[in-house]
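Note that this is a predicted model, so its numbers are computed, not measured.
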Amino acid sequence: MQNHDKIRQNTPNTPNKWFYEAICELASLWAIRQMSETWAYRAPYDNWVNYRHALAGYANNLMNRADDGTSAEWLDEWEDRMRSNISFSYERVSQLSYKFLPIFEENPEAWNAVRQMPYSDAKMSEYMKEWYQNVDTEDKQHVQSIAEIMGISVVPVAVVSIDADVNNDGYVDLSDVLIVRSGMQNSVSYDTDLNDDGVTDEVDLLIVKAKAFEAIAAASPSKRKIKLTTWGSMKSR
C-alpha cells in the first residue's frame with residue numbers, strides 16, 4: 001500500500017523509515033481488530049470462529065503500547081532519535097501511530113491516503129504538509145486529521161483567513177460543502193468562489209472541506225481517550 005519499493009528507490013536510507021513502519025504497525029492493529037469482529041460470521045474455517053476472542057485480546061494487549069502523553073510531546077522527545085535509528089523499536093513507534101486508530105476505524109477510506117504518502121526525508125512538521133498536498137482532494141481531510149493529532153497545521157495560511165461560511169448560518173459545515181460542490185456545476189445564489197479567482201472549482205471545494213474539518217476538530221475534546229472496545233461497538237457510536 002505504501003509502494004515500499006518506490007520509497008527505497010526515491011529516498012534510499014530515508015530517515016523517515018520509522019514513520020512508514022509506524023503506519024504498518026497501525027495497519028496490523030486495525031486488521032486484527034476488524035478480524036476479531038468479522039470472524040464471528042465470516043471466519044476462514046468454521047472451527048476458527050472462537051479464535052476471534054484471542055484476536056481481540058491480542059489487539060487489546062497491543063493497545064497498551066499507547067501512552068498518555070500527546071503526539072506532539074512524543075515527536076519532541078523521539079522523532080530525532082527515530083530518524084537516526086537510535087532507540088528504534090516497533091513498540092516505540094506504535095505509541096504514536098496507535099493514536100491515529102480512531103481515524104481509520106471511523107473512516108476506513110482513509111487508507112487510500114496511505115497509497116499517496118510522499119517520498120520525502122523532511123521532518124514531520126514539513127512531511128505532513130507534503131503529504132497533504134500530495135493526496136487527492138477527498139483524502140486531504142484524513143491527512144489533516146492525522147497532522148492535527150500531532151499538533152501540526154497543514155492548511156496553508158492563506159486558506160485560514162478565508163471565510164467559508166457560504167450560507168452565513170454561523171457555521172462551516174456539510175451544508176457549505178454541498179453548496180460549493182453544487183456551485184462547481186450549477187448556478188447558485190451563494191458566493192462559492194471562496195478564493196476569488198473567478199471560478200468555483202476543486203480549490204474552493206478543498207478550502208471549504210478543510211475549514212469544515214477545522215471546525216469539527218475545534219469542537220472535539222482537546223485530548224481524546226481511546227477506549228479499548230470492539231469494532232462493532234465503535235460503529236454504533
Side-chain angles (χ1 to χ4, degrees), residues 1-11 14 16-69 71 74 78 82 85 87-119 128 131 134-150 216 220-221 224-237:
M1 187 176 288
Q2 292 178 342
N3 295 314
H4 183 67
D5 289 342
K6 288 186 177 180
I7 291 174
R8 293 182 61 185
Q9 178 181 349
N10 287 273
T11 51
T14 177
N16 283 328
K17 178 182 178 182
W18 71 269
F19 188 64
Y20 299 120
E21 296 293 342
I23 298 298
C24 288
E25 287 296 292
L26 173 63
S28 295
L29 175 63
W30 182 87
I32 291 169
R33 282 168 63 88
Q34 293 260 353
M35 291 160 61
S36 71
E37 286 288 333
T38 59
W39 280 22
Y41 55 89
R42 200 171 70 233
Y45 305 97
D46 290 342
N47 62 337
W48 285 20
V49 171
N50 289 333
Y51 193 64
R52 71 185 190 277
H53 301 301
L55 292 171
Y58 181 55
N60 286 344
N61 287 335
L62 289 177
M63 283 297 298
N64 289 332
R65 293 178 177 180
D67 59 19
D68 293 330
S71 296
W74 190 98
W78 293 104
M82 293 299 105
N85 207 32
S87 304
F88 174 87
S89 73
Y90 289 103
E91 181 173 357
R92 180 68 65 193
V93 297
S94 295
Q95 290 177 342
L96 175 68
S97 64
Y98 284 0
K99 293 179 183 292
F100 311 149
L101 181 63
I103 297 171
F104 291 89
E105 290 199 319
E106 295 168 13
N107 307 278
E109 66 275 13
W111 287 111
N112 192 53
V114 174
R115 300 180 186 277
Q116 304 166 73
M117 295 178 76
Y119 309 126
M128 293 306 301
W131 190 6
N134 201 52
V135 298
D136 297 332
T137 300
E138 60 269 22
D139 297 318
K140 289 185 183 295
Q141 60 180 318
H142 307 308
V143 177
Q144 183 181 359
S145 64
I146 294 172
E148 290 284 349
I149 288 176
M150 293 192 287
I216 293 171
S220 301
R224 178 174 182 173
K225 290 289 186 181
I226 302 174
K227 182 180 179 181
L228 299 184
T229 183
T230 63
W231 168 242
S233 61
M234 287 195 73
K235 290 195 295 183
S236 65
R237 292 177 186 174

Q: Quick one: closest heavy-atom pair of Ala40 and Val49, and the distance?
A: O-CG1, 4.0 Å
Q: For a quick test of reading the model, state the closest non-hydrogen atom pair linking Ala22 to Ser97 and the distance between them.
A: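 Between these two residues, the closest heavy atoms are O-OG, 2.9 Å.
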Q: Once you measure the plane-to-plane angle for Phe104 and Trp111, does it fall in the parallel (<30°), tilted (30-60°) or perpendicular (>60°) bin?
A: tilted
Q: To the nearest 0.5 Å, what is the distance between CG (Asn60) and CG (Leu29)?
A: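 Going from CG on Asn60 over to CG on Leu29, the span is 9.0 Å.
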Q: With a 4.5 Å limit on heavy-atom distance, are the side chains of Met150 and Leu96 in contact?
A: yes
Q: Centre-to-centre under 6.0 Å for Tyr51 and Trp48, is that the case here?
A: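 Distance test on ring centres: not under 6.0 Å, no.
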Q: Considering only heavy atoms from C-beta outward, does the side chain of Thr14 approach that of Tyr119 to under 4.5 Å?
A: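 Contact flag for Thr14/Tyr119 side chains = no.
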Q: Is any side-chain heavy atom of Met117 closer than 4.5 Å to one of Asn134?
A: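 Asn134 vs Met117: side chains apart.
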Q: Taking the side chain as every heavy atom from C-beta outward, state whether Val143 and Ile146 have any pair of such atoms under 4.5 Å apart.
A: no
Q: Between atom CE of Met1 and atom CD1 of Ile23, what is the distance when rounded to the nearest 0.5 Å?
A: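 Atom-to-atom, Met1:CE and Ile23:CD1 are 11.0 Å apart.
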Q: Going from NE2 on His142 to CZ on Phe100, what distance comes out if it is rounded to the nearest 0.5 angstrom?
A: 14.5 Å
Q: Hey, does Phe88 have a side-chain heavy atom less than 4.5 Å from the side chain of Glu21?
A: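 Yes - at least one pair of side-chain heavy atoms lies under 4.5 Å apart.
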Q: Quick one: pull up CG in Asn3 and CD in Gln9 and give me the separation to the nearest 0.5 Å.
A: 11.0 Å
Q: Is there a donor-acceptor pair closer than 3.5 Å between any side-chain N or O of Gln2 and the backbone N or O of Tyr20?
A: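 The answer is yes, because a donor-acceptor pair under 3.5 Å joins these two groups.
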Q: With distance as the sole test, does Gln116 use its side chain to make a donor-acceptor pair with the main-chain N or O of Asp136 at under 3.5 Å?
A: yes
Q: Could you grab the distance from atom CD1 of Ile32 to atom CD of Gln34, nearest 0.5 Å is fine?
A: 11.5 Å
Q: Do Thr11 and Asn16 come close enough that some side-chain heavy atom pair is under 4.5 Å?
A: no
Q: How about Trp78 and Trp18: are their ring centres within less than 6.0 Å of each other?
A: no
Q: Check whether any side-chain heavy atom of Trp131 sits under 4.5 Å from a side-chain heavy atom of Asp139, and report yes or no.
A: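 Trp131 does not reach Asp139 side chain to side chain.
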Q: Could you tell me whether the side chain of Arg115 and the main chain of Asn112 form a donor-acceptor pair under 3.5 Å?
A: no
Q: Hey, are the side chains of Phe19 and Met82 touching, using non-hydrogen atoms and a 4.5 Å cut-off?
A: no
Q: Taking atom OG of Ser36 and atom OH of Tyr58, what is their separation to the nearest 0.5 Å?
A: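 Interatomic distance, Ser36 OG to Tyr58 OH, rounded to 0.5 Å: 13.5 Å.
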